[in-house]
Amino acid sequence: MISAYAGKLLRVDLTSRQVRSESIDPDAARRFIGGRGLATKMLSEAVHPQVDPLSPANTLILATGPLTGTSAMCGGRFMAVTKGPLTGTIASSNCGGTFGPELKYAGYDMVVLEGAASEPLLMVIEDGKVELHPAGELWGLNVHETEDRLHGELGRDFQLVSIGPAGEKLVRFAAIINDKGRAAGRSGVGAVMGSKKLKAIAVRGTGGLSVADPPGFRAACLDSLAKLEAGEITGQGLQSFGTAILVNIINESGVFPTRNFRQGQFESAEKISGETIAEEILVRPRACVACPIACGRVTEVRGGPYRSRGDGPEYETVWALGADTGVEDLGAVTKANYVCNELGMDTITAGATVACAMELFEEGVLSEKDVGRKLKFGDAEAVVDMMTKIGNREGFGDVLAEGSARVAERYGRPELFMGVKKQEMPAYDPRGVFGMGVQYATSNRGGCHVRGYMIAPEILGVPQKLDAHTPQGKAETNIAFQNLTAALDSIGVCLFVTFSIGAPELAAMLKTATGFDYDADEFMQVGERIWNLEKLFNMKAGLTRKDDTLPRRLLSEPMPAGPAKGLTVPLDEMLTQYYRLRGWDEQGAPTQEKLAALGL
Amino acid sequence: MNVEVRLFATLREYLPAGSGRTSAQIEMQEGTRICDLLDRLGIPAAIAHLVLVDGRYEADRTRELQDGCAVSIWPPIGGG
Amino acid sequence: MANMLLIEPEKCTTCRLCELVCSERGEGIFRPSRSRVRVWIDAEAAEYVPMVCIQCDDAPCMEECPTEALVRDPVTNAVVVVAEKCDECAICESACPYGVIRCLDGLARKCDLCGGDPECVRFCATGAIQYAEPGRWPRAARETYTDRLRSLCEEAQA
């Protein structure tokens with residue numbers, strides 16, 4: 001038994017309804033830590049990368065890290081790792097809330113879900129006792145109804161993850177939701193859960209977790225806490241204004257993708273900014289477990305047609321449901337976010353898919369007859385309406401539920417898909433942030449900002465400012481960020497700590513918790529090992545260098561106006577450099593020497 | 001000359017009375033530098049982390065401002 | 001005069017670091033279900049209340065304990081459990097009007113102010129839980145807090 005880990009995983013064959021408890025392998029834990037890393041190793045061994053992601057042959061792993069459930073700063077996270085139905089690549093989506101810690105108190109680091117049930121099921125885990133119940137009565141309920149029902153029946157002490165109608169109906173970007181508003185959002189992990197007919201997992205744990213060196217761990221936590229409190233961003237900024245504080249800086253820098261990346265500035269940005277959210281709809285901040293930052297927003301739209309209350313919106317969401325669709329009505333954006341939470345789907349892909357459809361509509365490719373309504377940029381009511389239709393696969397929503405890559409392809413305009421590897425890019429136009437271009441192109445789960453957040457140095461000047469309009473040095477920084485994030489996603493800690501602390505502090509918490517003698521260098525090397533293993537999975541799934549690219553618009557249509565006017569992304573130069581620095585060949589394949597050095 | 005000043009996040013408290021949510025027009029002498037503007041508004045240099053002039057990052061606080069330009073200033077911010 | 005825990009519920013964000021470090025301090029492991037401080041969370045109403053012992057001057061738990069297992073620490077003014085004397089009767093639990101003593105696994109568990117350096121306070125980033133002179137807590141705010149604790153305790157028993 002290793003300190004800080006619960007020490008066991010729960011393997012569930014949903015086809016036969018057999019449940020087994022297995023020990024966590026200490027050697028694998030040392031090399032892949034937990035969370036994203038250990039789950040990726042297990043998925044790679046269990047699942048052929050070419051399986052249909054929505055078939056019983058796929059496996060879905062919900063994995064905590066060793067620091068999940070301890071007092072490590074922001075250590076309340078878990079990852080959902082599987083082959084993604086949106087991308088066909090490895091998917092690993094991070095989630096906060098309360099579920100991860102509770103799973104560990106119940107005695108498990110991970111839940112490994114295999115096969116598929118023939119009828120809807122509910123899994124109830126209570127301190128090592130595991131039961132599968134028929135869940136026909138829950139099937140069809142939205143996430144909030146499901147949580148309310150289960151809390152009523154089982155008690156409020158149970159922590160829950162569930163899918164909504166979007167997951168049940170295999171919307172390719174369905175999410176797994178915890179605490180009504182916390183999502184393992186991207187790549188369609190909720191559709192995989194739906195394909196297995198698992199509606200929800202309820203967990204209650206009264207056990208505890210010990211660490212290897214309690215005084216050392218306490219000191220490491222207090223050191224990190226002091227740095228988080230002293231940092232302007234983590235100490236005050238995120239709690240006061242949420243992540244949408246970024247809206248104005250990204251917009252003024254001319255890289256706030258607007259109307260499906262046609263423009264880089266949104267004339268109404270301020271109406272959907274963090275400052276406006278704080279003034280108009282914020283009820284109070286809410287944190288995940290063990291998080292002193294508290295970026296979460298409990299909000300209420302107090303009047304008008306979108307009157308309601310819920311969680312969010314955060315930055316990427318106000319962009320996807322706002323600027324990308326040209327919508328400036330904060331009430332509508334917020335309401336559309338609530339609908340995504342309730343139906344259980346990723347706000348980024350949902351909004352970006354509607355934005356793509358809006359461009360197809362304005363180009364005359366889609367007609368009112370196709371869509372069943374007008375679908376023009378800026379139509380707030382249409383965005384809210386389409387969220388509901390997508391999540392329920394009603395009418396044209398059934399088409400959009402496939403994601404914008406497939407929509408653009410279907411209507412003969414694949415170049416209007418604004419993403420990578422069939423996953424939509426989030427809220428930064430790389431024509432004016434070059435490092436984000438190489439990040440999007442190389443991300444192992446396609447269009448994504450949280451594999452290597454180049455916005456921090458290129459726009460925000462954290463830890464120091466890099467020139468956003470040059471390719472120089474971007475591959476190198478991006479690789480370091482990608483490795484750091486892969487390791488961080490494996491220990492159970494939130495990415496936002498990296499605004500104030502780095503590998504030395506994280507390795508110190510990990511070492512004193514687990515007793516494994518990690519230092520900052522080994523921590524980063526574990527991240528590199530995980531990144532390469534994910535890459536190998538994708539290669540076996542059939543992806544090649546040609547998939548490491550960006551939409552034509554970003555490579556050959558200069559930004560039309562603003563500070564980034566005239567720029568396109570010089571991707572080839574950065575990509576060549578990236579492969580070389582990664583120790584990969586010209587086709588983007590890890591060399592034998594690199595794999596040997598990483599022990600893969 | 002006239003300069004548009006935009007202050008965000010916690011820096012909004014340094015906006016002159018009667019400003020909009022995040023911006024104000026300020027009349028300055030020709031040759032005013034970024035650091036002079038910060039002084040005029042009472043913003044401590046240490047918390048003016050990001051300064052954009054017409055959307056372009058400006059590291060040099062002694063840069064002279066031009067008539068009609070927009071100066072946007074943030075404390076350290078993050079998100080994503 | 002000894003310091004006391006001073007609670008400002010409106011500053012709480014539900015991170016529950018207080019529960020985590022309190023349980024580690026008291027139990028040697030991270031086990032929030034055994035924490036002396038509990039954060040009551042009503043997500044719908046967005047009401048969060050860190051529930052802590054306020055070390056009553058006339059402490060009913062201490063008065064009603066049949067084995068004199070609860071005693072006042074002269075230095076910190078905390079009412080503390082003498083484990084060897086506790087016979088698991090749970091009378092203290094029902095005597096407490098605020099629901100902040102719990103008998104679990106055969107022992108009464110309550111806040112002992114960590115001997116004068118409360119761990120929850122060390123880890124509370126927002127100042128929702130502070131350790132301060134009683135005079136710093138306005139009477140009205142203190143009564144609002146204790147009234148809310150009492151009503152939450154009554155709701156839990158109902």
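On a predicted model such as this, the values are computed, not experimentally measured, just so you know.
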Next on the checklist: I'd like to verify something: which residue of A/H469, A/E314, A/E232, A/K465 has the highest number of heavy-atom pairs under 4.5 Å with chain B?
Outcome noted: A/K465

Checklist outcome for this item: If one checks every heavy atom of A/S253 against chain B at 4.5 Å, the contacting part turns out to be both

Item to check | Segment of B/F8 engaging chain A (4.5 angstrom heavy-atom cut-off) | outcome: both

Item to check | Contacting region of A/L238 [heavy-atom separation from chain B under 4.5 Å] | outcome: side chain

Checklist entry - Have A/T258 and A/Q263 got a donor and an acceptor in their side chains that come within less than 3.5 Å? => result no

Item to check | Intermediate values then yes/no, side chain to side chain donor-acceptor pair (under 3.5 Å), A/E316 and A/Y428 | outcome: CA-CA 9 Å; A/E316 312 296 336; A/Y428 317 91; 2.6 Å; yes

Next on the checklist: Taking A/G312's backbone N and O only, do any of them form a donor-acceptor pair with A/T299's side chain (distance below 3.5 Å, no angle check)?
Outcome noted: yes

Next on the checklist: Does any backbone or side-chain atom of A/E279 lie under 4.5 Å from a heavy atom of chain B? Answer side chain, backbone, both or neither.
Outcome noted: side chain

Next on the checklist: Would you say CZ of B/R61 has more than 12 non-hydrogen atoms from neighbouring residues, nucleotides or ligands within 6.0 angstrom?
Outcome noted: yes

Item to check | The single option from B/L11, B/I26, B/L15, B/D36 passing side chain to side chain contact (heavy atoms under 4.5 Å, CB included) against B/L41 | outcome: B/I26

Checklist entry - With chain A, which of B/H49, B/R56, B/R21 has the greatest number of heavy-atom pairs at distances under 4.5 Å? => result B/R21

Checklist entry - How close do A/A564 and A/M559 get, heavy atom to heavy atom, and via which atoms? => result O-CB, 3.2 Å

Item to check | B/I77 versus chain A, the contacting section by heavy-atom distance below 4.5 Å | outcome: both

Next on the checklist: Taking every non-hydrogen pair under 4.5 Å, which of B/G55, B/A9, B/P75 racks up the most with chain A?
Outcome noted: B/A9

Next on the checklist: Does any backbone or side-chain atom of A/I459 lie under 4.5 Å from a heavy atom of chain B? Answer side chain, backbone, both or neither.
Outcome noted: backbone

Next on the checklist: With chain B as the partner, which of A/T234, A/D467, A/N251, A/I249 has the greatest number of non-hydrogen pairs under 4.5 Å?
Outcome noted: A/I249

Checklist entry - Once the angle between the rings of A/H449 and A/Y453 is folded into 0 to 90°, is it parallel (under 30°), tilted (30 to 60°) or perpendicular (over 60°)? => result perpendicular

